[in-house]
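All chains are named by letter (A, B, ...) in the order of the sequence lines, taking the proteins before the strands, and each is independently numbered beginning at 1.
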There are 2 protein chains.
Amino acid sequence: MEPVLTEDEGMSAEGLEAPDGETLGRMIRDARKDKGMTLEEVARAAAIGRSTLSKIENNQTRASFDIIRRLMQALDLETPQLFVQSGKSDISGRRDFTRKGQGEHQETRTYDHELLCTELTSKRMLPYISTIKARDVSEFDTWVRHRGEEFMFVLSGEVTLYTEHYRPLQMKAGDSVYYDSGMGHGCVSTSAEDARVLWVSLDG
Amino acid sequence: MEPVLTEDEGMSAEGLEAPDGETLGRMIRDARKDKGMTLEEVARAAAIGRSTLSKIENNQTRASFDIIRRLMQALDLETPQLFVQSGKSDISGRRDFTRKGQGEHQETRTYDHELLCTELTSKRMLPYISTIKARDVSEFDTWVRHRGEEFMFVLSGEVTLYTEHYRPLQMKAGDSVYYDSGMGHGCVSTSAEDARVLWVSLDG
DNA sequence: GGGAAAAGTTTCCTATAGGAGAAAAATGAT
DNA sequence: ATCATTTTTCTCCTATAGGAAACTTTTCCC
């Protein structure tokens, strides 16, 4: 790792890229060889056909999602490994900052997310500030869930955090919460105005 | 989906499953709805057919890996989210919160750290609020370094973040920074008063 | 409510995924 | 080298994925 003495803005590293047909076969073959297994063995473990596996490894077919999923499990491939990152997945010697309000905005129906430090694409934590639009609690209907952990800090306003297995948690500015984001969760503003929260999300 | 109102202590969530045909469709539909997009729009973005997308969302087909991959990109879905696997994180189904000012205090010469959500001992991210005592910049002499990544958000006051390889970064309330904590780093208050920052640290 | 436009589903058809077994390589023992 | 055995690829066939368009449902005006 060499010191990066550059301007302060991060350089745009490339983000995550799913393996195209090209690389997918190679990766699977490599993984199999690495474990010293035969087509037969892996195919059996994944409950798919020998020939199918052969074709996949040789990129002679565009396998179904289901088949690939079973293969990954059979080969003990962590999913993230399958989705090669084109850039290195570490931020060795790097830094990136975002000035107030200058994050990358991404709006959904109920949230307005401002992604922070997005130049640093290989970071493991995902920090963002969400403006949660005021709305009636009764409107809360959809959980989000994604494997990992999440930390939330209320910057302003009042919110209610709903998570599976727990009763709703009323939160005010300055309060914070940490939870398994694999649980269904969602957040609504319970004050008259929009609320702002800082979220830091960690995958896996 | 409706909020589950239970006792506050976390019960062990059942293992998260890889998205079998069942859940995959729902996840995609949820993601699409959340973005307020129509089948047409998403299908266009992913370069697939409307009907195909409809079938996928309704679990009426076992889509190919390639199709799913394109969908994820179109929907900005992190891949790991899709491949939720049963290997649960240690805080599986758990939650912990800290009310403003109620964190566990830990004082050093220049900082007053308030650790957040400490009940949840197995969490991977370490969130804490630091009050950085006002002092002269010249006093800054020692760098801290520990393998991992760190995110910092300025809550109030003005601070200067020093990191190896970069020039000092002046920060005000609302600014944030993300950096490799393996680089030497340190933070001082550059305003007359103490500054408060929220830190989230991740090992390894 | 009624009518139009938008969103979503189903139908139909072609291309192909996926599996069983045959053919071909690769490996290995003597 | 020769032959047996294992491993991989290829051939063939059926089931179905995926797209175009017809059809149905929902949304939203007036």
For salt bridge (charged side-chain N to carboxylate O under 4.0 Å, His left out), just list the numbers for B:Arg99 and A:Asp175, CA-CA rounded to whole Å, side-chain angles, deciding distance to a tenth of an Å, and then say yes or no. CA-CA 5 Å; B:Arg99 291 292 177 197; A:Asp175 294 345; 2.7 Å; yes
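- Distance CD1 (B:Ile68) to C1' (D:dA17): 12 Å, rounded to an integer number of Å.
- Rounded to an integer number of Å, the gap from B:Glu57 CD to D:dT25 C1' is 16 Å.
- For A:Ser54, no side-chain nitrogen or oxygen approaches OP1 or OP2 of D:dT8 to under 4.0 Å.
- Note on B:Ser64: only backbone sugar-phosphate atoms sit closer than 4.0 angstrom, heavy atoms only; bases stay farther off.
- Between A:Arg29 and D:dT9, a side-chain N or O to OP1/OP2 separation shorter than 4.0 Å is present.
- Side-chain contact between B:Leu161 and B:Tyr179 is present, with at least one heavy-atom pair separated by less than 4.5 Å.
- The side chain of B:Thr38 lies closest to C:dG8 when the candidates are D:dG19, C:dG18, C:dG8.
- One interatomic measurement links the two molecules: CG of B:Leu39 to C1' of D:dA20, which rounds to 15 Å at whole-angstrom precision.
- For a distance-only test at 3.5 Å, the side chain of A:Ser51 qualifies as a donor-acceptor partner of the base of C:dG19.
- No donor-acceptor contact under 3.5 angstrom links the side chains of B:Ser64 and A:Arg62, judged on distance only.
- Distance, A:Arg32 CZ to D:dT8 P: 5 Å, rounded to whole Å.
- With rounding to the nearest 0.5 angstrom, the CD atom of B:Glu158 is 8.0 Å from the CD atom of B:Glu193.
- Annotation for B:Phe151 and B:Trp199: closest pair O-CD1, 3.2 Å, computed over non-hydrogen atoms.
- In this structure, B:Met37 atom CE and C:dA7 atom C1' are separated by 14 Å, rounded to whole Å.
- What separates CD1 of A:Ile56 from C1' of C:dG19 is a distance of 12 Å, to the nearest Å.
- Nucleic acid contact class of A:Thr61 (heavy atoms, under 4.0 Å, all strands): sugar-phosphate only.
- With hydrogens and angles ignored, a donor-acceptor pair closer than 3.5 Å exists between the side chain of B:Lys55 and the base of D:dG19.
- Between B:Ile67 atom CD1 and C:dA17 atom C1' the separation is 13 Å, expressed in whole Å.
- Distance B:Glu41 CD to C:dA6 C1': 11 Å, rounded to the nearest Å.
- When each of B:Thr52 and A:Arg50 is assigned the nucleotide of DNA chain C bearing its nearest heavy atom, the one mapping closer to the 5' terminus is B:Thr52.
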